[in-house]
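The chains referred to below are lettered A, B, ... by the order of the sequence lines, with proteins before strands, and numbering in each begins at 1. Please read all numbers here as calculations on a predicted model, not as lab measurements.
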2 protein chains.
Amino acid sequence: MSGTRPSRRSDTRQRIQSVALDLFAEQGYEKTSLREIAERLDVTKAALYYHFKTKEDILSSIYADMTRPVDELIGWAREQPPTLETKLEVLRRYGASLGGAQPLFRFMQENQATLRELKIRHSLKERMMDLVGVMVPPDAPLPTRLRAVTAFMSLHAGVFGLDAVGGSADERMAASLEIAGELITAAHTATGAEPSSR
Amino acid sequence: MSGTRPSRRSDTRQRIQSVALDLFAEQGYEKTSLREIAERLDVTKAALYYHFKTKEDILSSIYADMTRPVDELIGWAREQPPTLETKLEVLRRYGASLGGAQPLFRFMQENQATLRELKIRHSLKERMMDLVGVMVPPDAPLPTRLRAVTAFMSLHAGVFGLDAVGGSADERMAASLEIAGELITAAHTATGAEPSSR
DNA sequence: GTCTATAAGTGGATAGAC
DNA sequence: GTCTATCCACTTATAGAC
């Protein structure tokens, strides 16, 4: 190897992403100005424009970089046999992904109105439906599909937005996984995979 | 009665609220300008300022006027005996409230970041916890409390944001109530009210 | 009760020097 | 790769006429 790759490209780009995400998550996208981002980095607005074409471009790049794990999870899940065990594993991995990209997911959940207007795949809904597709067949009855949706919402609830309910982050995650597991189990058996004692 | 009350006060105030809510829900709070609201009503910005002190004041007034039913529901629920039947009735009534003030609740769900900064009781979380307090005792274990939270989230999911899951609004509401009912039933029996066949 | 006019400021974005 | 300087559209909000 002839060195550590000539293009470390300066880490400014990543520092911008990091600071921008913090501010976006804290105050919302619209209320965060480029001036504010630049100030916190001790550079000027014009410097931002060297690295990113527009404000929206900053957000898009963060989004693309951080959602890869979830996309990989969806890809992985589609290759597995649709057993209950697979589905429970998806829940566990998804929960872990949420933890890893917490500020981004929190931002996405709290700024849906903004994201709807931007050209970013607004992901919350779309990815959710991809995941639901892994959990239950597309022709499953409505309550069954909704059960799957609710399972993922329970995970989201456990990871952010529920400090009010108390407990540590780990405890909340464990509790969420328990509830999500019950919902998916109910949905799974309802699809006729293994008729339960009903 | 000496007439229909002197102060109809001009319905302009209400028309402003109505148009503003539409736009807020459609585009988000920050992206909606007073000019836009005024234009759609064929009045000028200054006219808005006659009826409301600030932009935020418009939103506050909408909020106050439309969330009364939920506050009343919480009040009602607190006077009832905490039976399972009471709790299921709370779910039904809450679902109906959501339907009645759909644009507002959708707005609140999609603009959490904005609401956090405004001086409005951001209600989504606070009201949710009030309702949870009706459903399970404050000292209930974490998974039990989280089950109650998830039940309300399921109702929200059924009312808005889930066109992707298919079905009519009525069908989604019925399915949501079913799932929410299951979660609350589990939480209820878990608190020792009536040990189930477990 | 609604208007015109304008204040005072912020936003995103660009040109061009260094 | 980062800066200075600037543009201009647009924002909330106010003063005061009608």
Any residue meeting salt bridge (charged side-chain N to carboxylate O under 4.0 Å, His left out) with [X], in chain and number order, not counting sequence neighbours:
| X | result |
| --- | --- |
| K45(B) | none |
| D65(B) | R68(B) |
| R93(B) | E89(B) |
| R35(B) | E39(B) |

### Task
Identify which one of T114(B), I62(B), L59(B) satisfies the side-chain contact (heavy atoms from CB on, under 4.5 Å) criterion when paired with F107(B).
L59(B)

### Message
Checking Y29(A) now: which residues fulfil ring pair (Phe, Tyr, Trp, His ring centres under 6.0 Å) with it, not counting sequence neighbours?
### Response
F24(A)

### Protein-to-nucleotide contact annotation, 5' to 3' order, nucleotides 3-18 of chain D [B base; S sugar-phosphate only; - none; under 4.0 Å, heavy atom]
BB------SBBBB---

### Task
Give me the residues of residues 18-26 of chain A where at least one heavy atom lies under 4.0 Å from an atom of DNA chain C, by number, or none.
none

#### Entry: Atom-to-atom span, OH of Y50(A) to P of dT14(C) - whole angstrom
16 Å

### Message
In whole Å, I'd like the distance from the NE2 atom of H51(A) to the C1' atom of dT2(D).
### Response
8 Å

### Query
What salt bridge (charged side-chain N to carboxylate O under 4.0 Å, His left out) pairs are there with at least one residue in residues 177-188 of chain A, not counting sequence neighbours?
E178(A)-R147(B), E182(A)-R147(B)

Which atom pairs, donor and acceptor, lie under 3.5 Å between side-chain atoms of residues 74-84 of chain A and protein residues at least two apart or in another chain?
from: Q80(A); atom 1: NE2; to: W76(A); atom 2: O; distance (Å): 3.3
from: T83(A); atom 1: OG1; to: T86(A); atom 2: N; distance (Å): 3.1
from: T83(A); atom 1: OG1; to: T86(A); atom 2: OG1; distance (Å): 3.0

